[in-house]
Protein chains: 2
Amino acid sequence: MCTAFHNASCLNCQARFGSILFKAEKCNLEEIEAAKVCSVYKKGQVVFQEGAYPFGIYCVNTGKIKLSHCGDDGREQIVRLAKPGDIIGYKALLSAERYTASAIALDDASVCFIPKDLFMSILQKDASLSFEMMRIIASELRKAEVKITHLSQKPVRERLAETLLFIKETYGVETDGFTLNVRLSREEIANLVGTATESAIRLLSEFKKDGLIELQGKKIRLLNTEEITRTANLQD
Amino acid sequence: MCTAFHNASCLNCQARFGSILFKAEKCNLEEIEAAKVCSVYKKGQVVFQEGAYPFGIYCVNTGKIKLSHCGDDGREQIVRLAKPGDIIGYKALLSAERYTASAIALDDASVCFIPKDLFMSILQKDASLSFEMMRIIASELRKAEVKITHLSQKPVRERLAETLLFIKETYGVETDGFTLNVRLSREEIANLVGTATESAIRLLSEFKKDGLIELQGKKIRLLNTEEITRTANLQD
DNA sequence: GAGGCACAATGATGAGGATCAAGTTAAAAT
DNA sequence: ATTTTAACTTGATCCTCATCATTGTGCCTC
C-alpha cells in the first residue's frame, strides 16, 4: 500500500509551508507531532474515500492532492486542489459525518495523519488554532460561492480560462515561468471546470490556436496570461 | 431607514432559535448582548451590500434574509437563505475582505448587529464559540460543494425539484403542511436554482401539471414530496 | 374604472454544449 | 518490439436551455 512512518521534522515542515497547524499553541503542536503518522501515496492512490467515516485529518506534506466529489451519474467533480501545507478531510470531521469527497494523489505525495480525538480536543481548547481554521474554511466557502455563481452564469470557455489561472495560482509554474506545475488529464481538467471532457479538449485547442497556451501532452504552458484573464472575463 | 434599538431579550432569542451564539461562554454572551444593536428591515431592504467592508456580523432575529452574489453580467445568484438564529456576514469579517454577497430581507425582518472588534476578540479567546462557528461554516461548505457538483452535472429540472425541497427544509411550511413558508418571486427561484427565470416558470408549471405542486400567485404548495424527491434524483 | 407597472406565463428560435461515434496518439504491459 | 490499453482528438448530431418577443394577470395609483 503505502509506507507509514513518523516524521520528526514536523515543525520544520509546518514552518516551511506556512501550514495552518503552525498556528496552534506550541505545546499542542508538539502533541500533534508526537501522534501523527506520515504516509506516502503513489500517484492515483486514495487518501480517503467518499462515503467513509473520518478517523482524523490529513496534512499534505509533499505532492498534490485532488478532492473530488462523485456525482449521481458517476462523473466526478473536482472541488478542490490541495498543496503542501494544506489540510484535508476537516469538513467531514468537524460535522461528524462521512466524507463527501474522495482525496486522490495527483503526484507521489506524502501526507500526515492526525487522529480525530487528538485534533478535536486540541481544537476545542486552542482558540488560536480554531480561529485560524475558521478563517481558512471561510475563505474556502467564499471561493465555493463564487464558483457556484460562475457555474450558473458563465459559459464553459470563460470557466476554462478561469480554471487555468486557478491551477497556476494553486500549483504555480515550472522554472520556465510558463508551464503549469502539475499534470492533469483532460478529463480532470473538465471535471474541474464542470464540463464534458470533449468540450474541455476542444476549447484547449482553440486556446492553443489563438496563441493563449501551448500544449505538449499533459504539459500546459500559459503563454499569454493577460489574454487568458481577459477570456476568463473576471470582474471581481 | 430602519429602526435600531437594543434588544434586552438576547438570551431568550438565542435560546429560542438555538443560535450559534448560545455556544459562547456566558460572560462573552453577556458582553455581546450589551454591545449589539438590533435593527428592523422592511422587505427588500439591504442589510449589507456586496463590495462594502464589514463592520461586524449580523444575527437574524426574526424574518428571512437572502444572500445573493451578483454575477459579472448583473444577474444575481442566491447563495444562501438565512432564517432566525442564523448569523450572516461572517465570511467577509473572518477573511477581512469585502462582502462578496449582499444580504436582502425577504420579509420584514429584525437583525442584530455585533461590532467587529468585539466579535473578533471574543472569537479568539472563546474556543467553544469558534469551534461551533467552524462547524457551521464547514457544514455550509459541504453544502456548497454538493451544489457545485449538481450545478455542473444535473439538468435544471432536477435542480428545481431539489431547490423546492431545500426551501421547505429551510423555512418550513405553513400550518396546512404544504405551502412553503416564504414568498419568492419566480426570478428569485431561478436565481436560487441557477437558471433563467423563464425556465423556472416553465418547469414550475410542468410540476403543477404533473400534480407535484400547486401554484397560487407566489404561494407554492408541495403536494407530493415523494415524487418531488424522485424528480430531484438525489443519491446522497 | 382607466391607466400604468411589475411580474407571470407561453411561444418561437437559436446557440452552446453534451453525447455519440470513430479515429489517432501515447503509454503500459507482455 | 508487439500487443493491449488508455487517453486524447476531431467530427457529426441532438437536445437542453437561454434568449427574445408577446401576451396575460394582478396590483397600485390617480
Side-chain angles (χ1 to χ4, degrees), chain A residues 42-44 66 71-78 104 106 149-163 180 182-210 213-220 231-233, chain B residues 42-44 66 71-77 104 106 149-164 180 182-210 213-221 231 233:
Chain A
K42 288 210 173 302
K43 176 176 175 173
K66 70 172 171 182
D72 300 340
D73 54 349
R75 222 173 62 214
E76 78 167 353
Q77 172 68 37
I78 299 182
I104 298 170
L106 291 170
T149 304
H150 288 180
L151 265 174
S152 71
Q153 299 189 355
K154 292 181 146 209
V156 177
R157 185 184 177 80
E158 295 181 15
R159 269 152 46 207
L160 175 60
E162 201 179 336
T163 300
L180 291 181
V182 63
R183 299 298 126 87
L184 296 170
S185 71
R186 301 294 193 249
E187 189 180 4
E188 284 170 326
I189 293 174
N191 294 341
L192 207 42
V193 174
T195 187
T197 307
E198 296 93 326
S199 301
I201 290 175
R202 246 180 276 271
L203 286 167
L204 279 176
S205 15
E206 274 191 38
F207 284 4
K208 179 183 172 185
K209 198 179 301 171
D210 298 348
I213 63 173
E214 209 171 79
L215 295 171
Q216 188 176 317
K218 289 203 193 340
K219 277 190 193 173
I220 299 178
T231 304
N233 190 26
Chain B
K42 289 212 173 300
K43 176 177 175 173
K66 70 172 172 182
D72 300 340
D73 54 350
R75 222 172 62 212
E76 78 167 353
Q77 171 69 37
I104 298 171
L106 291 170
T149 304
H150 289 180
L151 265 174
S152 71
Q153 299 190 354
K154 292 181 146 210
V156 177
R157 185 184 178 81
E158 295 181 15
R159 269 152 46 206
L160 175 61
E162 201 179 337
T163 300
L164 292 177
L180 291 181
V182 63
R183 299 297 126 88
L184 296 169
S185 70
R186 301 294 192 251
E187 189 181 4
E188 283 170 326
I189 294 175
N191 294 340
L192 207 42
V193 175
T195 187
T197 307
E198 295 93 326
S199 300
I201 290 174
R202 244 180 277 270
L203 287 167
L204 279 176
S205 12
E206 275 190 38
F207 284 3
K208 179 183 174 185
K209 199 178 302 171
D210 298 347
I213 62 173
E214 209 172 79
L215 295 170
Q216 188 176 316
K218 290 204 192 340
K219 278 191 194 174
I220 299 178
R221 265 187 273 276
T231 304
N233 190 24

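Per chain, numbering begins at 1; letters A, B, ... match sequence-line order.
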First and last nucleotide of DNA chain C in contact with chain A, 5' to 3', at under 4.0 Å to a heavy atom: what are they? C:dG17 to C:dC20

Between the side chains of B:S152 and A:Q77, is a donor N or O closer than 3.5 angstrom to an acceptor N or O? yes

Main chain of B:D72, side chain of A:K154: is a donor-acceptor contact present, judged purely on distance under 3.5 Å? no

I'd like to know if A:D210 pairs up with A:R157 as an ion pair, taking the criterion as any Lys NZ or Arg NE/NH1/NH2 lying under 4.0 Å from an Asp or Glu carboxylate oxygen. yes

Give a yes-or-no answer on whether the side chains of B:E76 and B:N191 include a donor-acceptor pair shorter than 3.5 Å. yes

Within the structure shown, what part of the strands sits under 4.0 Å from A:K218 by heavy-atom distance: base, sugar-phosphate, or nothing? sugar-phosphate

Roughly how far apart are A:L184 CG and A:K218 NZ, rounded to 0.5 Å? 9.0 Å

Using whole Å, report how far CD of A:E187 lies from C1' of D:dT5. 15 Å

Nucleotide by nucleotide, nucleotides 9-17 of chain D touches protein heavy atoms under 4.0 Å in the pattern (B base, S sugar-phosphate only, - none) BBBB----S

Are the side chains of A:L203 and A:I201 in touch, meaning some heavy atoms are under 4.5 Å apart? no

When you look at A:L106 and A:E188, which way does the side-chain contact (heavy atoms from CB on, under 4.5 Å) test go after all the steps? CA-CA 10 Å; A:L106 291 170; A:E188 284 170 326; 3.5 Å; yes

Once rounded to the nearest 0.5 Å, what's the spacing between atom OG1 of A:T231 and atom CD of A:E206? 10.5 Å

